[in-house]
2 protein chains.
Amino acid sequence: MTTAAPNARALVHPAREEIRLEGVLHALADPLRLLVVRELASEDAELTCSHFELPITKSTTTHHFRVLREAGLVQQVYRGTAKVNVLRRADLDALFPGLLDSVLAAAAGQADRLGDA
Amino acid sequence: MTTAAPNARALVHPAREEIRLEGVLHALADPLRLLVVRELASEDAELTCSHFELPITKSTTTHHFRVLREAGLVQQVYRGTAKVNVLRRADLDALFPGLLDSVLAAAAGQADRLGDA
DNA sequence: CCTCTCGTACGATAAGCATCGTACTACGGA
DNA sequence: TCCGTAGTACGATGCTTATCGTACGAGAGG
């Protein structure tokens, strides 16, 4: 009632203060999840889960996005049958200043170095 | 022969270019390992494994230090019966500029916030 | 209403990992 | 030479995690 659509299925997110560094690092330590975060950051847009072409099945994709959500890295909202993802940049920058940017830069640098797009 | 002590037992380290971001993040995602890295960074000194008072047995300690070494976070050298650890700051800063510092700052901030020393 | 697409739930499986205990090696000092 | 301290090796154990397949639910569009 307070804000926005009442029709959306519920989706649990940690509050800003509940986000733990270890959880964030663990979430980012997986290559696929790191890729997702990189793409979310570079596009700075709302991307549906299905937008990402990951070499895994749908169920595994669901799993990875849940990890990202529960770690506090992304905010997810249902839009129709799709689920859109947004990076929680403000929360992360407030809690861990510079962390996200340096991880993204490191990932970009390494991708460059290794030539994997 | 080339450099230093020939009597030291061998200890495998990844070369700078072999250090992978995912490995670094994974190593840092463990609370105990993060603690060790924080202490190594703050003291900026060579600390033996036994210097750390971790709530785990010796074998588990060995395990964690191996993870740190193999991820490229610390350099380890035997000194007598002891093994001294040094943060590979130069290598990490060269590969992933700003990453280590922001992780350390984030860890300090979180420790502050949660009041766990 | 039917059907397509998107995503979930659940169970299974296999791999990884943190942890321990015990037995062992290596070095240094008495 | 003998002992103590630092760390390792190895095997076991139990937890977590990445992965899949199949069956299901929820919207959108005809």
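Throughout, protein chains are lettered first and strands after them, A, B, ... in sequence-line order, and every chain is numbered starting at 1. Hydrogens, waters and symmetry mates are skipped; everything else that's a heavy atom, side chains included, is used.
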*Contacts to DNA chain C from residues 82-89 of chain A, heavy-atom cutoff under 4.0 Å, which residues?*
A/Ala82, A/Lys83
Using the test side chain to side chain contact (heavy atoms under 4.5 Å, CB included), find all partners of [X] that sit at least two apart in sequence or belong to another chain.
X: B/Glu39; answer: B/Glu43, B/Leu47, B/His51, B/Phe52
X: A/Ala41; answer: A/Leu87, A/Arg89, A/Leu104
X: A/Thr57; answer: A/Ser59, A/Thr60
X: B/Pro97; answer: none

_Heavy atoms only, 4.0 Å cut-off, all strands: where does B/His26 land among base, sugar-phosphate and nothing?_
sugar-phosphate
*For B/Ser50, enumerate each residue passing the side-chain hydrogen bond (donor to acceptor under 3.5 Å, both in side chains) test, keeping only those at least two apart in sequence or located in another chain.*
B/Thr48
Gap between atoms [atom1] and [atom2], on [X] and [N] respectively (whole Å):
X: A/Glu70; N: C/dT8; atom1: CD; atom2: C1'; value: 13 Å
X: A/Asp30; N: D/dT19; atom1: CG; atom2: P; value: 6 Å
X: A/His51; N: C/dT5; atom1: NE2; atom2: P; value: 19 Å

_Under 4.0 Å from OP1 or OP2 of D/dT8: is there any side-chain N or O of B/Tyr78 that close?_
yes
*Residues from residues 53-67 of chain A sitting under 4.0 Å of DNA chain D, heavy atoms only?*
A/Ile56, A/Thr57, A/Ser59, A/Thr60, A/His63, A/His64
*Do any pairs count as a side chain to side chain donor-acceptor pair (under 3.5 Å) and have a residue in residues 22-35 of chain A, sequence neighbours left out, and if so which ones?*
A/Arg20-A/Glu22, A/Glu22-B/Gln110, A/Arg33-A/His64
*Through what angle, rounded to 10 degrees, does the axis of the helix from C/dC1-D/dG30 to C/dA30-D/dT1 turn between its ends, using five pairs per end?*
20°
_Partner set under salt bridge (charged side-chain N to carboxylate O under 4.0 Å, His left out) for A/Glu70, not counting sequence neighbours_ = none
For nucleotides 28-30 of chain D, list the nitrogen or oxygen atoms of the protein found under 3.5 Å from its nitrogen or oxygen atoms, one pair per line.
none

*Pairs in or reaching into residues 44-62 of chain A: which pass salt bridge (Lys or Arg N to Asp or Glu O under 4.0 Å), with residues at least two apart or in two chains?*
A/Glu46-A/Arg79
